[in-house]
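Keep in mind the model is a prediction, meaning the values are calculated, not measured.
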Amino acid sequence: MTDSVVTRFAPSPTGFLHIGGARTALFNWLYAKKHGGRMLLRIEDTDRERSTEPAIAAILDGMKWLGLDWDGDVVYQFTRAGRHREVAESLLAAGKAYRCYATSEELTAMREKARAEGRTRLYDGLWRDRDPKQAPEGIKPTIRLKAPLSGETVIEDQVQGRVVWQNENLDDLVLLRGDGNPTYMLAVVVDDHDMGVTHVIRGDDHLINAARQKQIYDALGWDIPSMSHIPLIHGPDGSKLSKRHGALGVDAYRSLGYLPAALRNYLVRLGWSHGDQEIFSTREMIDAFDLQGIGRSAARFDFAKLENLNGHYIRHAGDAELVTMFEDVLDHVPDRSSLKAKLNDTTRAQLLQAMPSLKERAKTLIELIDSAYFIFADRPLEVEPKAAALLTPENRALIGRLKAALEPVSPWTAETTEAAMRAFADAGGLKLGAVAQPLRVALTGRTTSPGIFDVLAVLGREECLARLGDQTPA
RNA sequence: GCUCCCUUCGUCUAGCGGUUAGGACGUCGCCCUCUCAAGGCUGAAACAGGGGUUCAAUUCCCCUAGGGAGCGCCA
């Protein structure tokens, strides 16, 4: 049976792929992969007003970047409107639905009245049993489901457990709008059914919709798929995730220098766990993923943990791979075009050589870019204020003497320059640090950098001596 | 207001009646050290509150409080 699993990710294209959607997609993807099934992608664009092409593009792009591929063609829900209409009509013919001629004013009044009386059943069934002959002129009717008035509707949710609603709290939802277009509620049910979806995994903001959809499934005589409603992701302060926090599109995470693998790992552990394991390769994630491991409470988004994970993935990435990522991310961050122009075979080789040292200190690709600054810097170096403070007359003189000491070094490697420097320090009765810091400033313009011997080796003899010369009194 | 969901260190979480309540991030201190990281070792840090059930509750039930979601001819 494991080969029959079909999951789906069904975003509405009204904005970018946000972090919560990304996690939902990931969970669906993992579940399908784990069971050798398929994950379908359906764009819920029945709201013609708010659906946009750029949003669709952003969603597809975001999923590709995250490495979440889907099976088959993307299904655009709006193209299936005819089928949705057909199903609504069949329900009408079967007496399981009816036309409702209520005006929006009447509806508003009903809602206010219901709320005032503390009821949840907002639509009072005004046209449920009324003769359509009484229909007013000029009103395009909606088609509403004739939902059960009593009894209960039960969802056996794989995450939330058994959730029960009293039917008197559920009203007759609209299946078809006055303009003949389907509502989300109808479209989802029909599409999931027609697409053969076996497992619905989505945010728990849909939990109540599951009950309403169950009523549609029942009216149609269809089986409802397995339901899993996963808790939402909140901002660091526990409130709803806003743009201020992490409700950024996944493209923003790319621009921030996060690796897809790191984001996947962070996301999978947000709301799901597998014992004490924190780091998961994609393979391990697929093998370990299960619905039982999903928690029921909302999780807060924590950038610090994401950064830590990202650092881990950077440290463990291949050097050549990182050079490629370094270049690729430049296209997604502002003000890096000058850096891009400086990429050539020489600087690429330097970058590759420096990578073992660079990646040890970077939590994001942005930090990686920043710490590689010394490779691309033009002479004379721009010196940070904090670093400039170290360029005292004494230290400048020291740099001059050091330059002289390094000049004869050959070949020029991290090992040989280190030996020369240690000898220089010993001879002067200085601690290595007393020499290394001024040297670092002269070479990088900063007080922090990769190991100074790595910097020496990467920059090469000529460039190093020139930079030292720049800081030596004439 | 109504319906539904949730509640273990600051954060993500393990726990599925009996544990010194574990791990991870962050944080504190120490070690390493040419800076910054990384790494190693330590420390502080949690079962929301109240009732039950039970020989025994973080674990099961109820209530309260707090948080969240939903209440559209949006999805």
- Query: What is the nucleic acid contact for A/G178, judged by heavy atoms within less than 4.0 Å: base, sugar-phosphate only, or nothing?
  - Reply: base
- How is A/L232 classified with respect to the nucleic acid when contacts are heavy atoms under 4.0 Å: base, sugar-phosphate, or nothing? sugar-phosphate
- Query: Below 6.0 angstrom between ring centroids: does that apply to A/F289 and A/W272?
  - Reply: yes
- Query: When all nucleic acid strands are considered with a 4.0 Å heavy-atom cut-off, which category describes A/P11: base, sugar-phosphate, or nothing?
  - Reply: nothing
- Message: Using atom P in both nucleotides, what's the gap between B/rG39 and B/rA45 to the nearest angstrom?
- Response: 25 Å
- Picking from B/rA24, B/rC34, B/rC4, the nucleotide nearest the side-chain atoms of A/K305 would be B/rA24
- NA contact type, A/F453, heavy-atom cut-off 4.0 Å: base, sugar-phosphate, or nothing? base
- Message: Classify A/L207 by what it touches in the nucleic acid, base, sugar-phosphate, or nothing, heavy-atom distance under 4.0 Å.
- Response: sugar-phosphate
- Query: On a whole-Å scale, what distance lies between the C1' atoms belonging to B/rU3 and B/rU54?
  - Reply: 34 Å
- Task: Could you tell me whether A/S371 contacts a base, only the sugar-phosphate backbone, or nothing, with contacts defined as non-hydrogen atoms closer than 4.0 Å?
- Result: nothing
- Just call it for A/R446: base, sugar-phosphate, or nothing, with non-hydrogen atoms closer than 4.0 Å on any strand. nothing
- Query: What does A/Q160 touch in the nucleic acid at a heavy-atom separation under 4.0 angstrom: a base, only the sugar-phosphate, or nothing?
  - Reply: sugar-phosphate
- According to a strict under-4.0 Å criterion, is A/S273 in side-chain N/O contact with OP1 or OP2 of B/rA14? yes
- Message: With rounding to the closest Å, how many angstrom separate the P atoms on B/rG15 and B/rG23?
- Response: 15 Å
- Side-chain contact check for A/L107: nearest option of B/rC6, B/rG26, B/rC73 is B/rC73
- Note on the structure: Side-chain contact check for A/T183: nearest option of B/rG23, B/rC34, B/rA75 is B/rA75
- Polar side-chain contact A/D205-B/rG70 base: donor and acceptor under 3.5 Å: no
- Under 4.0 Å between any heavy atoms, over every strand shown, what does A/R440 touch: base, sugar-phosphate, or nothing? Just pick one. base
- Contact class for A/H206 (heavy atom, under 4.0 Å): base, sugar-phosphate, or nothing? base
- Item | Residue that, paired with A/H229, satisfies side chain to side chain donor-acceptor pair (under 3.5 Å) out of A/Q158, A/R202, A/H206 | A/R202
- In the structure shown, which nucleotide is the Watson-Crick or G-U wobble counterpart of B/rG70, with both distances under 3.5 Å? B/rC2
- How many angstroms lie between atom CG of A/D157 and atom CZ of A/R296, to the nearest 0.5 angstrom? 10.5 Å
- Name the pairing partner of B/rA48, where a pair is Watson-Crick or G-U wobble with both distances under 3.5 Å, or state none. B/rU64
- Message: Between B/rG29 and B/rU42, how far apart are the two C1' atoms, rounded to whole Å?
- Response: 8 Å
- Item | Closest listed nucleotide, where the reference is the side chain of A/S12 and the choices are B/rU35, B/rA38, B/rA75 | B/rA75
- Interatomic distance where CG belongs to A/N209 and P belongs to B/rU3 [whole Å]: 18 Å
- Of the nucleotides B/rU35, B/rU13, B/rC71, which has the atom closest to the A/L122 side chain? B/rC71
- Is the A/Y266 to A/F301 ring centre distance short of 6.0 Å? yes
- Message: Checking A/Y98 against A/D172 for the side chain to side chain donor-acceptor pair (under 3.5 Å) test, could you report, in this order, the C-alpha distance in whole Å, the side-chain angles of both residues, the deciding distance, and whether it holds?
- Response: CA-CA 10 Å; A/Y98 59 94; A/D172 292 348; 2.6 Å; yes
- Query: Hey, is the side chain of A/N308 poking within less than 4.0 Å of OP1 or OP2 on B/rA24, counting only N and O atoms?
  - Reply: no
- Can you tell me the distance, in whole Å, between the CZ atom of A/R300 and the C1' atom of B/rC9? 13 Å
- Message: Would you measure the distance from the P atom in B/rA69 across to the matching atom in B/rU27 and give it in whole Å?
- Response: 30 Å
- Note on the structure: Of the listed B/rU11, B/rA75, B/rC73, the closest approach to the A/D47 side chain comes from B/rA75
- Task: Scan A/T142 against the nucleic acid and name what it touches under 4.0 Å (heavy atoms): base, sugar-phosphate only, or nothing.
- Result: base
- More 5' along RNA chain B: A/Q277 or A/L270, using each one's nearest nucleotide? A/L270
- Message: Using a heavy-atom cut-off of 4.0 Å across all strands, would you classify A/R422 as base, sugar-phosphate, or nothing?
- Response: sugar-phosphate
- Task: Rounded off to whole Å, could you give me the CD1-to-C1' distance for the A/I43 and B/rA75 pair?
- Result: 12 Å
- Item | Residues A/R269 and A/E278 bridged, charged N to O under 4.0 Å | yes
- Task: Please answer whether the main-chain N or O of A/A362 pairs with a side-chain N or O of A/R315 as donor and acceptor at a distance below 3.5 Å.
- Result: no
- Item | Pairwise C1' distance, B/rG26 and B/rG43 [rounded to whole Å] | 14 Å
- Options B/rC12, B/rU3, B/rC73, nucleotide nearest the side-chain atoms of A/A299: B/rC12
- Query: Who is the Watson-Crick or G-U wobble partner of B/rU20, with both distances under 3.5 Å?
  - Reply: none
- Do any side-chain nitrogens or oxygens of A/T448 fall under 4.0 Å of OP1 or OP2 in B/rA37? no
- Give a yes/no answer on whether the side chain of A/R115 brings an N or O atom under 4.0 Å of OP1 or OP2 in B/rG72. yes
- Query: Which is true for A/R269 with a 4.0 Å heavy-atom rule: it touches a base, it touches only sugar-phosphate, or it touches nothing?
  - Reply: base
- Would you mind checking if A/D218 and A/K214 are paired as a salt bridge, meaning a charged N to carboxylate O distance below 4.0 Å? yes
- Query: A/W272 or A/E44: which one's nearest nucleotide on RNA chain B is closer to the 5' end?
  - Reply: A/W272
- Query: What is the nucleic acid contact for A/G451, judged by heavy atoms within less than 4.0 Å: base, sugar-phosphate only, or nothing?
  - Reply: base
